[in-house]
Structures are given as C-alpha cells and as structure tokens.
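Data block below; observations after.
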Amino acid sequence: MKKEESKILDKLGKNPGFKVPENYFNDFNAKLLESLPEVKITEEVKPTMWVRVRPFIYMAAMFAGVWLMMNIFSIGKSSASSEQRAAQISAGVAVEKNADELINYGSVSDYDIMTYEDSVYMEMEEQKNEK
C-alpha cells in the first residue's frame with residue numbers, strides 16, 4: 001500500500017495546486033467592509049397604549065361573557081326569585097312537621113340541608129298548585 005502511495009506522490013508531486021495571492025490577508029478586512037451594503041439603523045418603535053392594554057381588555061371581556069352566560073342559563077332553572085324562595089323555605093321550616101324532621105334527623109350536612117330546602121320548596125309549589 002505504501003508503495004502505491006509513493007508512486008502516486010511521485011507522479012503528482014506534493015504541490016496542492018492552489019496559491020493565495022500575496023498580501024491577500026493584509027487588506028482582506030478593508031475589501032470585505034467595502035463590499036457589504038450599508039446598514040440602516042432605525043429607532044425602536046414604542047408600543048401604543050392600546051397594544052399594551054389589549055390583552056387585559058380581552059381577558060375582561062372573556063370573563064364578562066362567561067358571567068353573562070352563567071346568568072342566562074341559570075334563569076331558566078329557577079322560576080322564583082331568591083327572595084321568594086327564601087320566604088318559602090322559611091315558611092316550610094316554620095311548619096312543625098318539617099322542623100321536627102330537621103331536629104330528629106341527627107347530624108345534618110350541607111347536602112342534607114340543600115336537599116331538604118329543595119323538598120320544602122317542591123312541597124310549597126305543590127300546595128300552591130292544589131289551591
């Protein structure tokens with residue numbers, strides 16, 4: 001293998017075939033800077049007030065929309081106003097039978113109170129419909 005390499009080197013020689021012109025790197029930087037286009041520096045544009053406030057306005061509008069939808073969809077579920085319903089519940093608790101049920105029940109959780117309020121409300125509605 002070495003014999004073959006030495007034969008090739010003998011035929012071609014060690015000359016790479018490329019030469020760098022004399023003093024090429026002495027003025028290389030100056031020639032490069034002359035060939036580059038001129039850079040135009042512009043001032044930074046400051047964002048307007050609307051651009052800075054816009055995300056907060058959008059977020060507020062989103063929350064307002066969610067609140068509005070929740071109110072719209074909850075209107076159909078409750079025919080009586082909250083004041084009327086509270087009056088009906090307190091009237092239902094005032095009935096001795098209903099008060100005894102609450103007292104004798106023992107441990108009463110929030111869920112039990114809510115379901116009891118709903119049942120009292122339903123009883124009151126049924127009594128109104130019977131009249």
Working to the nearest 0.5 angstrom, can you tell me the gap between L68 CG and F63 CZ?
15.0 Å
Going by the salt bridge (Lys or Arg N to Asp or Glu O under 4.0 Å) test, which pairs reach into residues 40-50, not counting sequence neighbours?
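Sorted result for residues 40-50: empty, none.
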Going by atom type alone, with no hydrogens or angles, which donor-acceptor pairs under 3.5 Å involve a side-chain atom of residues 19-34 and a protein atom two or more places apart or on another chain?
{"unit_1": "N23", "atom_1": "OD1", "unit_2": "N26", "atom_2": "ND2", "d": "2.8"}

Ignoring hydrogens and angles, write down the donor-acceptor pairs under 3.5 Å from the side chains of residues 47-62, residues two or more places apart or on other chains.
{"unit_1": "T48", "atom_1": "OG1", "unit_2": "V51", "atom_2": "N", "d": "3.4"}

